[in-house]
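Below you'll find the structure, written out as structure tokens, and then a few comments.
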Protein chains: 2
Amino acid sequence: MAVDRERVLKEAAALLTRRATTSMDEIARAAGISRATLHRHFAGRDALIRALEEHGIAQFAQAMDAARLEEGDAADALRRLIEEAEPVAAVLAFLFTENQLFEGGEINAGWARLDARITALFRRGQEEGGFRIDLSAAWLTEALYGLMGAGAWAVHEGRVARNDLNHSIAELLLGGIRRSMEK
Amino acid sequence: MAVDRERVLKEAAALLTRRATTSMDEIARAAGISRATLHRHFAGRDALIRALEEHGIAQFAQAMDAARLEEGDAADALRRLIEEAEPVAAVLAFLFTENQLFEGGEINAGWARLDARITALFRRGQEEGGFRIDLSAAWLTEALYGLMGAGAWAVHEGRVARNDLNHSIAELLLGGIRRSMEK
DNA sequence: AAATAGTGAGACATCAGTGTCTCATTCGGC
DNA sequence: GCCGAATGAGACACTGATGTCTCACTATTT
């Protein structure tokens with residue numbers, strides 16, 4: 001009887017990542033509940049998106065924990081992060097573009113914390129000598145987001161095999177396109 | 001008296017890239033014309049987006065021509081492409097996400113042609129030995145789009161200096177994050 | 001069995017955006 | 001200066017989505 005909040009968020013994420021304008025009605029039906037009930041649990045569409053945001057941020061933070069960003073080689077940590085964050089990538093990309101909409105309201109402070117952790121990883125790699133220093137850590141962070149989003153989309157469109165995804169992102173990000181001598 | 005179609009498209013692009021839900025009214029006002037006139041020149045919102053798409057595709061194709069993708073070193077050609085395509089990147093990113101919406105209707109065939117040209121560039125680089133072959137040309141194409149989009153956004157958000165943008169994209173894409181011996 | 005809380009279905013008002021139309025005005029060419 | 005074409009301003013109907021509310025039904029609890 002009690003509504004499964006997790007399931008609602010999951011279904012909402014699945015639909016919204018595919019079409020950002022999915023209506024509350026469609027989301028409700030996908031989650032197997034009535035529109036009235038959906039409104040009882042989420043004050044409105046905005047509230048639902050916010051909840052999705054909170055959830056996505058939490059999941060991403062969890063992925064970071066699981067990836068143990070501070071441990072070992074920075075490149076390996078990055079690989080682990082890509083691996084762990086893969087299931088969240090699509091939602092993240094959706095929320096990312098959705099933030100444009102909230103240009104008036106304040107953005108969730110959680111984003112800054114996530115950014116900071118990733119940027120710290122890149123900076124650590126630079127200080128330890130494994131990462132090049134002529135590209136700013138901030139840009140590398142943005143690039144990671146961009147590649148994760150592009151990757152999720154490419155898989156969705158069937159242009160990249162899901163099995164190759166993490167490897168493709170990590171390898172491109174770490175090694176670049178150019179053929180390298182050192183490997 | 002005659003409406004400057006170019007200007008309308010330009011203003012529309014500027015607004016829509018910032019907020020995808022910008023209304024026809026706002027676009028009209030930004031372009032300095034009335035909503036009625038806007039409707040006289042573009043049958044409706046869809047038609048406007050389509051026109052924007054056509055325009056964006058044409059501009060991108062033009063950028064490719066200017067970059068002379070078939071000439072010289074593939075890496076240099078890629079650098080030229082990034083350089084030439086920079087002004088179009090934001091619109092392209094917008095159209096890219098907007099295509100999700102047209103999931104019912106058929107997508108513009110122009111995209112496939114653009115993709116093909118870029119993919120051909122990457123393949124050429126692979127065949128000539130300059131680019132690694134363990135990442136598919138299709139994925140590299142998607143990654144290029146992703147990085148261009150992320151870059152445009154990062155500049156808009158002030159996280160990357162506009163002057164560094166092209167260099168940042170090209171260097172990351174070609175060389176990757178890892179510190180390399182060969183340079 | 002009774003009481004309670006949660007749900008589904010649907011009605012309803014509201015709102016924003018869209019697309020169409022009319023009419024007065026203005027611009028440009030002749 | 002005149003005339004036709006294009007424009008601006010506004011009214012209007014329509015649509016789709018949203019948010020609220022009511023009422024009947026069902027599951028859970030005691």
Side-chain angles (χ1 to χ4, degrees), chain A residues 1-56 91 94-95 97-106 108, chain B residues 1-56 91 94-95 97-106 108:
Chain A
M1 194 176 188
V3 161
D4 184 348
R5 191 184 161 93
E6 283 292 316
R7 181 180 169 200
V8 174
L9 287 177
K10 188 179 161 190
E11 294 291 343
L15 290 183
L16 287 169
T17 53
R18 275 184 262 148
R19 185 161 48 88
T21 59
T22 307
S23 70
M24 294 291 275
D25 189 68
E26 294 173 280
I27 295 172
R29 261 183 287 128
I33 61 178
S34 74
R35 200 165 66 92
T37 302
L38 180 57
H39 269 89
R40 285 189 190 101
H41 288 266
F42 301 95
R45 189 192 175 76
D46 277 8
L48 176 59
I49 305 277
R50 297 300 179 107
L52 212 51
E53 188 176 30
E54 214 70 53
H55 196 243
V91 200
F94 161 71
L95 294 170
T97 63
E98 200 69 3
N99 267 347
Q100 301 181 236
L101 262 153
F102 293 160
E103 65 172 15
E106 71 276 358
N108 192 313
Chain B
M1 194 176 185
V3 161
D4 184 348
R5 191 184 161 95
E6 282 293 315
R7 183 184 167 197
V8 175
L9 288 177
K10 187 179 162 190
E11 294 291 344
L15 290 183
L16 287 170
T17 52
R18 274 183 262 148
R19 185 161 47 89
T21 58
T22 308
S23 70
M24 294 292 274
D25 190 69
E26 292 173 280
I27 294 172
R29 261 183 286 129
I33 61 177
S34 74
R35 199 166 65 93
T37 303
L38 180 58
H39 269 89
R40 286 190 188 101
H41 286 266
F42 301 94
R45 190 193 174 75
D46 278 8
L48 176 61
I49 305 277
R50 298 298 179 107
L52 213 51
E53 187 175 32
E54 213 69 53
H55 196 243
V91 199
F94 160 70
L95 294 170
T97 63
E98 199 68 5
N99 269 345
Q100 301 182 235
L101 262 152
F102 294 160
E103 63 173 18
E106 71 277 359
N108 192 313

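The analysis underlying the following values was restricted to heavy atoms, covering all of them including side chains, and did not include hydrogens, waters or symmetry mates. Below, read A as the first sequence line, B as the second, and so on, with proteins coming before strands; counting in each chain starts at 1. Every value quoted in this text rests on a predicted model; they were computed, and no experiment measured them.
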Rounded to whole Å, the CD1-P distance (B/Ile33 to C/dT25) equals 22 Å

When rounded to whole Å, the CZ to P distance for the pair A/Arg5 and C/dT7 reads 13 Å

To the nearest angstrom, the NE2-P distance between B/His41 and D/dA5 comes to 15 Å

Begin from the C-alpha positions of A/Phe94 and B/Thr97 and carry the test side-chain contact (heavy atoms from CB on, under 4.5 Å) through to its verdict. CA-CA 10 Å; A/Phe94 161 71; B/Thr97 63; over 6 Å; no

Within the structure, does a side-chain N or O atom of A/Ser34 lie under 4.0 Å from either OP1 or OP2 of C/dA9? no

Output a table of nitrogen or oxygen pairs between the protein and nucleotides 17-19 of chain D separated by less than 3.5 Å.
{"unit_1": "D/dT18", "atom_1": "OP1", "unit_2": "A/Arg45", "atom_2": "NH1", "d": "3.0"}
{"unit_1": "D/dT18", "atom_1": "OP2", "unit_2": "A/Met24", "atom_2": "N", "d": "3.0"}
{"unit_1": "D/dG19", "atom_1": "OP2", "unit_2": "A/His39", "atom_2": "NE2", "d": "3.3"}
{"unit_1": "D/dG19", "atom_1": "OP2", "unit_2": "A/Arg45", "atom_2": "N", "d": "3.1"}
{"unit_1": "D/dG19", "atom_1": "N7", "unit_2": "A/Arg35", "atom_2": "NH1", "d": "3.1"}
{"unit_1": "D/dG19", "atom_1": "O6", "unit_2": "A/Arg35", "atom_2": "NH2", "d": "3.0"}

Heavy-atom nearest pair, A/Leu52 first then A/Leu16, reads CD2-CD1, 3.7 Å

note: B/Ile27, atom CD1; C/dG19, atom P; distance rounded to Å ~ 11 Å

Please walk me through it: do A/His55 and A/Glu6 pass side-chain contact (heavy atoms from CB on, under 4.5 Å)? CA-CA 9 Å; A/His55 196 243; A/Glu6 283 292 316; 3.3 Å; yes

Taken to the nearest whole Å, CZ/A/Arg29 to C1'/C/dG8 is 14 Å

(message) Check this for me, if you would: do A/Asp25 and A/Arg29 make a salt bridge, where the nitrogen-to-carboxylate-oxygen distance has to be below 4.0 angstrom?
(response) yes

- prompt: So do the side chains of A/Glu53 and A/Glu98 get within less than 4.5 Å of each other, counting heavy atoms only?
  reply: no

Exercise. Would you state whether a donor and an acceptor, one from the side chain of B/Arg40 and one from the base of C/dG19, lie under 3.5 Å apart?
Key: no

Whole-Å distance, A/Asp4 CG to C/dG6 P, equals 16 Å

Query - Stepwise side-chain contact (heavy atoms from CB on, under 4.5 Å) check, B/Val8 with B/His41 - result: CA-CA 10 Å; B/Val8 175; B/His41 286 266; over 6 Å; no

